[in-house]
There are 2 protein chains.
Amino acid sequence: MLTDYIAKMIEEMLNEGNGTLELQRNEMANRLGCVPSQISYVISSRFTPERGYVIESRRGGGGCIRIVRKQMSRNEYMMHFFCAIGESIDEGETIAYLKNLAGNGLISERELHIAAAATSNAALASIPPDRRNTVRAQIFKQIILSMMAV
Amino acid sequence: MLTDYIAKMIEEMLNEGNGTLELQRNEMANRLGCVPSQISYVISSRFTPERGYVIESRRGGGGCIRIVRKQMSRNEYMMHFFCAIGESIDEGETIAYLKNLAGNGLISERELHIAAAATSNAALASIPPDRRNTVRAQIFKQIILSMMAV
DNA sequence: GCATCTTTGACCTTCCTTGACCTTACAACC
DNA sequence: GGTTGTAAGGTCAAGGAAGGTCAAAGATGC
């Protein structure tokens with residue numbers, strides 16, 4: 001299967017580059033004789049933030065895709081949180097989670113405040129109250145993922 | 001890519017000049033073998049006010065372009081950002097702002113990622129697209145405030 | 001046989017590069 | 001003091017070079 005082959009290839013290149021890699025989508029697709037979007041597919045299905053990768057890209061002339069592998073260590077802990085959040089979460093519970101993370105030294109005090117602000121009722125004031133906890137859960141999940149990544 | 005090269009060049013010249021620089025567009029374009037408007041493009045895409053630069057220019061004989069890297073106090077800087085956000089902001093612009101803050105050492109790389117995640121389209125996926133930028137602005141503002149506080 | 005994962009291709013968005021044309025400043029000349 | 005010539009920089013639109021997205025068709029596994 002092409003996907004596996006490409007994934008293995010990227011994995012190897014990551015090893016060679018000490019966990020960092022920049023590639024050109026078109027160039028690579030050309031070399032492998034596949035369509036460019038295949039590369040996109042592999043990256044989006046295999047090198048996800050959940051699995052500890054950070055992806056950045058730039059379009060236009062000289063564009064490229066950057067893949068960075070982050071060491072998993074405290075990430076399992078984070079993953080636990082991520083799953084625990086569920087579909088919906090209120091402000092108080094969010095803060096409780098954050099305090100837990102801070103208490104365990106997984107995030108700094110400042111990070112706690114930033115995350116609390118981003119998920120506060122103040123930030124979500126314009127969202128109908130009955131939808132607020134759902135949106136908060138989504139934002140919080142993205143935050144947890146970002147904390148795992150770096 | 002030419003753009004990156006020129007940007008790097010200007011950056012260096014700014015460092016040499018303690019954050020100030022005067023250049024002649026035609027002369028520089030000539031030296032680099034590119035069209036003059038390329039210089040304009042680099043300046044307008046890379047050395048923007050959002051990223052903390054002030055641009056002045058003079059036309060006519062002996063004309064020049066003046067680039068100054070602003071340094072403001074932390075809170076001035078933050079306040080500047082807070083005001084600049086306005087009612088609505090898209091994902092890309094948000095990231096540009098955050099990168100500026102990180103570039104100036106006002107927030108850490110991790111904080112950048114957290115804030116970017118909290119304001120990402122992914123986090124706001126369940127919000128109708130036409131309202132997303134408004135909600136993002138509100139979340140971002142709360143984040144900026146939290147950054148000023150600690 | 002249904003669900004899930006792959007593969008492909010058409011179309012979109014972003015970014016870079018170039019060139020034609022516009023505006024402004026200054027200076028020389030009447 | 002106007003007029004005009006020339007030397008800057010400003011603007012904008014077109015074209016090209018990437019990567020992004022998404023839906024449909026094809027495999028594959030249970």
Side-chain angles (χ1 to χ4, degrees), chain A residues 1-11 13 21-51 53-68, chain B residues 1-11 13 21-51 53-68 89-97 99 116 120-126 129-130 132-133:
Chain A
M1 201 170 16
L2 239 186
T3 297
D4 287 342
Y5 180 68
I6 298 174
K8 203 168 297 177
M9 195 160 176
I10 291 179
E11 203 67 61
M13 289 196 282
L21 158 65
E22 277 189 14
L23 60 86
Q24 293 210 277
R25 195 180 76 149
N26 283 354
E27 181 269 333
M28 190 163 177
N30 225 309
R31 230 171 42 204
L32 295 168
C34 66
V35 293
S37 52
Q38 179 83 54
I39 311 291
S40 300
Y41 173 67
V42 174
I43 291 173
S44 69
S45 66
R46 302 285 209 276
F47 298 86
T48 62
E50 287 89 346
R51 300 189 192 194
Y53 297 91
V54 180
I55 310 297
E56 291 168 54
S57 70
R58 233 183 44 200
R59 307 187 186 189
C64 70
I65 301 176
R66 200 152 169 280
I67 306 177
V68 182
Chain B
M1 205 168 15
L2 239 185
T3 298
D4 285 344
Y5 180 68
I6 299 175
K8 203 168 295 175
M9 195 161 176
I10 292 178
E11 202 69 62
M13 290 195 283
L21 159 65
E22 279 189 13
L23 60 85
Q24 294 210 277
R25 194 179 78 148
N26 282 354
E27 181 270 333
M28 190 163 176
N30 225 308
R31 227 171 45 205
L32 295 167
C34 68
V35 293
S37 54
Q38 180 84 56
I39 310 291
S40 301
Y41 172 69
V42 173
I43 291 174
S44 70
S45 66
R46 302 283 211 275
F47 298 86
T48 62
E50 294 91 55
R51 300 189 192 197
Y53 298 91
V54 180
I55 309 297
E56 292 166 53
S57 69
R58 232 183 43 206
R59 307 187 186 190
C64 71
I65 300 175
R66 202 153 169 276
I67 305 177
V68 181
I89 187 170
D90 70 24
E91 192 176 30
E93 215 180 340
T94 306
I95 289 174
Y97 280 164
K99 283 197 172 159
S120 66
N121 285 334
L124 306 178
S126 75
D130 61 311
R132 218 171 273 168
N133 287 348

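Within every chain, numbering begins at 1; the chains are lettered A, B, ... in the order of the sequence lines, protein sequences first and strands thereafter. Values below: every heavy atom of this structure, side chains too, minus hydrogens, waters and symmetry copies.
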Item to check | Side-chain donor/acceptor of B:Thr94 to backbone N/O of B:Asp90, under 3.5 Å | outcome: yes
Measure the distance from [atom1] on [X] to [atom2] on [N] and round it to the nearest whole Å.
X	N	atom1	atom2	answer
A:Asn26	C:dG9	CG	P	14 Å
B:Arg25	C:dG19	CZ	P	13 Å
A:Met1	C:dT4	CE	P	17 Å
A:Ile6	C:dT6	CD1	P	11 Å

Counting only pairs under 3.5 Å, give me each side-chain donor-acceptor contact of residues 28-42 of chain B, with atom names and distances, residues two or more places apart or in other chains.
{"residue": "B:Arg31", "atom": "NH1", "partner": "B:Glu27", "partner atom": "OE2", "Å": "3.0"}
{"residue": "B:Gln38", "atom": "NE2", "partner": "B:Thr3", "partner atom": "OG1", "Å": "3.3"}
{"residue": "B:Ser40", "atom": "OG", "partner": "B:Arg25", "partner atom": "NH1", "Å": "2.8"}

Checklist entry - Can you name the residues that form a salt bridge (charged side-chain N to carboxylate O under 4.0 Å, His left out) with B:Asp130, not counting sequence neighbours? => result none
Looking across every strand, which nucleic acid part, if any, lies under 4.0 Å from [X] by heavy atom: base, sugar-phosphate, or nothing?
X	result
B:Gly92	nothing
A:Arg46	sugar-phosphate
B:Ile39	nothing
A:Ile65	sugar-phosphate

Item to check | Contacting residues from residues 28-38 of chain A, given that a heavy atom lies under 4.0 angstrom of DNA chain D | outcome: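 A:Ser37, in order of number.
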Between [atom1] on residue [X] and [atom2] on residue [Y], distance to nearest 0.5 Å:
X	Y	atom1	atom2	answer
A:Leu23	A:Ile43	CG	CD1	5.0 Å
A:Met9	A:Glu11	CE	CD	13.0 Å
B:Arg66	B:Arg58	CZ	CZ	11.0 Å
A:Gln24	A:Ser57	CD	OG	12.0 Å

Checklist entry - Hey, is the side chain of A:Tyr41 poking within less than 4.0 Å of OP1 or OP2 on C:dT7, counting only N and O atoms? => result no
Item to check | nucleotides 25-30 of chain C: protein proximity per nucleotide (B base, S sugar-phosphate only, - neither; heavy atom, under 4.0 Å) | outcome: B-----
Next on the checklist: For chain B and DNA chain D, what are the first and last nucleotides along the strand, 5' to 3', with at least one atom under 4.0 angstrom from a heavy atom of the protein chain?
Outcome noted: D:dA7 to D:dT11
Checklist entry - To 10°, what angle do the rotation axes through the five end pairs on each side of the helix from C:dG1-D:dC30 to C:dC30-D:dG1 form? => result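 End-to-end axis angle: 10°.
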Item to check | Smallest separation among heavy atoms of B:Met1 and A:Gly61, with atom names | outcome: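 Smallest heavy-atom distance, with atoms named: SD-O, 2.7 Å.
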Item to check | pair A:Ile55-A:Ile67: side-chain heavy atoms closer than 4.5 Å | outcome: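 Side-chain contact under 4.5 Å: yes.
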Item to check | Pairwise side-chain contact, B:Arg46 with B:Asp4, heavy-atom cut-off 4.5 Å (strictly under) | outcome: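 Yes. Closest side-chain heavy atoms under 4.5 Å.
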